[in-house]
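First the structure, in the form of structure tokens, and then the observations on it.
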Amino acid sequence: MMMQKHYQKACGSLEAQTLYVVATPIGNLADITLRALAVLERADLVCAEDTRVTAQLLAAYGIQAKLLSVREHNEQQMAGKVIQALADGLTVAQVSDAGTPAVCDPGAKLAARVREAGFKVVPVVGASAVMGALSGAGISEPGFYFHGFLPAKTGERRKLLAAWARAEHPVVAFETPHRIAAALADMAALFPGRRLTLAREITKTFETFLSGSVADIQTALIHDADQSRGEMVLVLHPAPKEKNSSLPEAAQNVMKVLAAELPTKQAAELAAEITGENKKALYDLALTWK
């Protein structure tokens, strides 16, 4: 009862005709905010990716709610029902099975439709696998790029990784257990010595952080099959900065982008036209990346 009073006070009153996008724990059930609990308890309707998963979370906190199944395959269809509920003056909460809806989970289409209909969409922030991985990886750079899940198809994945070969910022991506070996093999072919952090089962019982070169992470997974299980976040650390290049950084960046998509000679010719720099210097620079 005391906890209930605390989270009700933390939330204040809910706004009618508003969709609250509520982040839920990514593993440890204690990683939920007081505001999230209050919203879930007071909302007239809770949209859930899997009502069974959400029912377990609510039961852990003694919350009863009217649940509506809003999944990836019915999101557009159910958006109409949610908008009608908002038009009727109700307050609606939206959750996914874990983490924040609309971030590699269903929810973006619903939020967009609700906004287009003229109703408010309010985020209720919480646990994040991305921020958790970054905070444990020892990243000091002020910016990073988040991609989501790596492509399932080998060709698409290799093309994407090639574009990250010389990235000067951290790159965060999700990967599944049945594809992690292939993803690491592709990384090892492109940049075996690049520093990588693999964060596994964040906030859960078997949480693990592995950090080292891509080759080191490969070895760790080969020698311990358990490290290939569970939810995974990959943090690719920035590439070492280029040294002894007389080319301006902007020209180097243009060449990096073009070299990832075109044959080296053609990329150098186009980069020279764009930047005004020497074509041979650009070509020679690209050869150092191979």
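If you read the sequence from its start, that first residue is 1, and numbering goes on from there. In what follows, every heavy atom counts, from backbone to side chain, and hydrogens, waters and symmetry copies are set aside. If you're wondering where the values come from, they're calculated on a predicted model, not measured in any experiment.
- The backbone N or O of Glu15 sits less than 3.5 Å from a side-chain atom of Tyr20, completing a donor-acceptor pair.
- Looking at Thr288, its side chain does come within 3.5 Å of a backbone N or O of Leu285 through a donor-acceptor pair.
- In the hydrophobic cluster analysis, where Ile, Leu, Val, Met, Phe, Trp and Tyr join through side-chain heavy atoms closer than 4.5 angstrom, Leu160 is grouped together with Leu198.
- A distance of 9.5 Å separates CG of Leu19 from CD1 of Ile83, quoted to the nearest 0.5 Å.
- You'll find the side chain of Val95 reaches within 4.5 Å of the side chain of Val46, heavy atoms only.
- Using a 4.5 Å cut-off on side-chain heavy atoms (C-beta onward), Cys47 and Val92 make contact.
- A distance-only check finds a donor-acceptor pair linking the side chain of Asp97 to the backbone of Asp50 [under 3.5 Å].
- Panel note: side chain Thr275, backbone Glu273; no donor-acceptor pair is recorded below 3.5 Å.
- Within a 6.0 Å radius of NZ in Lys66, no more than 12 heavy atoms belonging to other residues, nucleotides or ligands are found.
- The closest side-chain heavy-atom distance from Thr197 to His237 is below 4.5 Å.
- Side-chain atoms of Gln84 do not come within 3.5 Å of backbone N or O of Gly80 as any donor-acceptor pair.
- Glu156 places no side-chain N or O within 3.5 Å of a backbone atom of Pro151 that could act as its donor or acceptor partner.
- The minimum heavy-atom distance between Val22 and Ala36, with the atom names listed, is CG1-CB, 3.6 Å.
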Legend entry - Check against side-chain contact (heavy atoms from CB on, under 4.5 Å), Leu14 and Val39: CA-CA 7 Å; Leu14 297 189; Val39 169; 3.7 Å; yes
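- Within 6.0 Å of the CZ atom in Phe206, the count of heavy atoms belonging to other residues, nucleotides or ligands does not exceed 12.
- Using a 4.5 Å heavy-atom cutoff, the side chains of Thr176 and Phe149 are in contact.
- The 12-atom threshold is exceeded at CD of Gln218, counting heavy atoms of other residues, nucleotides or ligands nearer than 6.0 Å.
- Formation of a donor-acceptor pair under 3.5 Å by the Gln252 side chain with backbone atoms of Leu247 is found in this model.
- Contact check for Ile180 versus Leu234: side-chain heavy atoms found under the 4.5 Å cut-off.
- In this structure, a donor-acceptor pair under 3.5 Å is absent between the side chains of Thr91 and Arg42.
- Salt bridge Glu261/Lys256: absent, no basic N to carboxylate O contact under 4.0 Å.
- When all heavy atoms are compared, the tightest approach of Ala183 to Leu161 is O-CD1, 4.2 Å.
- Exactly one of Val114, Val124, Val121 qualifies for a side chain to side chain contact (heavy atoms under 4.5 Å, CB included) with Val21. That residue is Val121.
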Inset, instruction - Determine, stepwise, if the pair Phe174 / Leu150 fulfils side-chain contact (heavy atoms from CB on, under 4.5 Å). - result: CA-CA 6 Å; Phe174 295 157; Leu150 290 174; over 6 Å; no
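- From Arg194, atom CZ reaches atom OG of Ser213 across 12.0 Å, with rounding to the nearest 0.5 Å.
- In terms of hydrophobic clustering, with Ile, Leu, Val, Met, Phe, Trp and Tyr side chains grouped at heavy-atom distances under 4.5 Å, Met131 and Val103 are assigned to a common cluster.
- By the neighbour-count criterion of 12 heavy atoms within 6.0 Å, atom CD of Glu141 is densely surrounded, having more than that number from other residues, nucleotides or ligands.
- Between atom CG of residue Asn253 and atom CE of residue Met255 there is a gap of 12.0 Å, rounded to the nearest 0.5 Å.
- A 4.5 Å side-chain heavy-atom check between Leu67 and Leu58 finds at least one atom pair inside the cut-off.
- Rounded to the nearest 0.5 Å, atoms CD (Gln227) and CZ (Arg200) are 4.5 Å apart.
- Side chain of Asn278 to backbone of Lys280: a donor-acceptor contact under 3.5 angstrom is found.
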Inset, instruction - Mind running side-chain contact (heavy atoms from CB on, under 4.5 Å) on His147 and Val172 for me, showing each step along the way? - result: CA-CA 6 Å; His147 178 79; Val172 184; over 6 Å; no
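- In the hydrophobic clustering of ILVMFWY residues, with side-chain heavy atoms under 4.5 Å counting as a link, Leu221 and Leu196 come out together.
- Criterion: ILVMFWY side-chain heavy atoms under 4.5 Å apart, direct or through other members. Under it, Leu110 and Val125 are not part of a common hydrophobic cluster.
- Two residues are said to be in side-chain contact when any heavy atoms from C-beta on lie closer than 4.5 Å; Thr100 and Ser128 fail this criterion.
- To the nearest 0.5 Å, atom OG of residue Ser228 and atom CZ of residue Arg179 are 14.0 Å apart.
- Within the 3.5 Å criterion, the main-chain N or O of Leu86 finds a donor-acceptor partner in the side chain of Gln17.
- Scanning both residues, Ala60 and Leu29, for their nearest heavy atoms gives CB-CD1, 4.0 Å.
- Between the side chain of Glu75 and the main chain of Gly107, a donor-acceptor pair closer than 3.5 Å is present.
- Counting all heavy atoms, side chain and backbone alike, Ala23 lies closest to Gly126 at CB-N, 3.4 Å.
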Inset, instruction - Report the C-alpha distance between Phe144 and His169 in whole Å, list the side-chain angles of each, state the deciding distance to 0.1 Å, and finish with yes or no for side-chain contact (heavy atoms from CB on, under 4.5 Å). - result: CA-CA 6 Å; Phe144 67 92; His169 50 266; 5.8 Å; no
Legend entry - Asp105/Ser96 under side chain to side chain donor-acceptor pair (under 3.5 Å): CA gap, chis, key distance, verdict: CA-CA 7 Å; Asp105 270 333; Ser96 58; 3.2 Å; yes
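- Contact annotation: the side chain of Glu231 approaches that of Lys204 to within less than 4.5 Å [non-hydrogen atoms, C-beta and beyond].
- The minimum heavy-atom distance linking Gly230 with Glu201 is given by the pair CA-OE1, 3.3 Å.
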Inset, instruction - Please lay out, stage by stage, how Arg52 and Thr54 fare under the test side chain to side chain donor-acceptor pair (under 3.5 Å). - result: CA-CA 6 Å; Arg52 296 166 298 181; Thr54 300; over 6 Å; no
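- One hydrophobic cluster holds both Leu184 and Leu190 under the rule that ILVMFWY side chains link at heavy-atom gaps under 4.5 Å.
- Ile26 and Ala98 make their closest contact through CA-CB, 3.9 Å (heavy atoms, listed as atom of the first residue, atom of the second, distance).
- Between Lys81 atom NZ and Asn74 atom CG the span is 8.5 Å, to the nearest 0.5 Å.
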